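Have a look at the structure below, then the notes.
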Amino acid sequence: RVVADVILGPWSSRVLFVKNMAHHLVGLRWDFLERTSNVLLTRTPAEVLPSLNRKLPDPGIEETGYPIQIRLLEFLESAGREVIVLDSRELLTNPESVLRQLCARIGLGFEKEMLHWAVGPRPEDGVWAETWYHDVHLTTGFAPYRPKITPFPAELVPLLRKCEPMYARLTEKSIRA
């Protein structure tokens with residue numbers, strides 16, 4: 001019902017932005033994705049895993065989101081759909097360039113206002129805001145990319161090795177700064 005009534009439902013605007021985490025699509029038929037523009041947002045596992053581990057101790061490969069992102073990428077490719085990947089590092093390296101390219105690829109006009117926002121929570125943040133968006137709520141724009149300087153946790157190295165090839169596959173399709 002959510003797919004039919006919300007994602008594909010009637011809208012007065014030609015643009016509807018829906019943020020789904022890849023694991024929200026588990027158990028759904030994906031054929032509706034053939035009727036939408038789809039953007040996969042990803043981040044290097046070396047940065048994802050320590051932060052994921054703080055919120056979800058001892059994460060497994062499925063919790064990282066990389067396997068389902070690969071399945072989504074392959075599904076979209078097999079359906080003949082353009083696969084658009086945003087890598088957070090590229091986005092933070094040059095937000096304007098990456099967003100201009102993204103807008104061009106999905107048929108939207110770029111606006112400078114996309115680079116800044118008001119501080120604080122937004123109604124569309126939903127139930128995840130309390131858990132995941134605290135730092136975002138303190139910002140008013142994109143912060144420049146800065147590599148993590150803390151040592152990578154040794155216990156996460158085996159998981160990192162599993163994630164790296166999937167991340168590499170995703171970044172083959174990513175928009176470059």
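All values derive from a computational prediction rather than experimental measurement. For reference, positions follow the sequence shown, starting with 1.
Residue pairs meeting the side-chain hydrogen bond (donor to acceptor under 3.5 Å, both in side chains) criterion with at least one member in residues 153-162, sequence neighbours excluded, are Arg161-Glu164. Residues in residues 7-29 take part in these salt bridge (charged side-chain N to carboxylate O under 4.0 Å, His left out) pairs, two or more places apart or across chains: Arg29-Asp31. Among pairs with a residue in residues 57-67, those fulfilling salt bridge (charged side-chain N to carboxylate O under 4.0 Å, His left out) read Glu62-Arg71, at least two apart in sequence or across chains.
Remark: Glu111 engages no residue in a salt bridge (charged side-chain N to carboxylate O under 4.0 Å, His left out) (not counting sequence neighbours). The side-chain hydrogen bond (donor to acceptor under 3.5 Å, both in side chains) search around Thr42 returns Gln69, not counting sequence neighbours. The side chain to side chain contact (heavy atoms under 4.5 Å, CB included) check on Ala104 picks up nothing, with sequence neighbours excluded. Scored by the ring-ring contact (aromatic ring centres under 6.0 Å, His included) test, His24 finds Trp128 as partners (sequence neighbours excluded). For Ala79, the side chain to side chain contact (heavy atoms under 4.5 Å, CB included) criterion is met by Glu34, Arg81, not counting sequence neighbours. Qualifying side chain to side chain contact (heavy atoms under 4.5 Å, CB included) partners for Pro95, counting only residues two or more places apart in sequence or in other chains: Leu115, Phe142. Take Val2 and apply the side chain to side chain contact (heavy atoms under 4.5 Å, CB included) test, not counting sequence neighbours, and it matches Val6. With sequence neighbours excluded, no residue satisfies ring-ring contact (aromatic ring centres under 6.0 Å, His included) with Tyr167.
No side-chain donor-acceptor contact under 3.5 Å links Glu74 and Ser78.
Hydrophobic cluster of Val119: no remaining members, since no ILVMFWY side chain lies below 4.5 Å from it.
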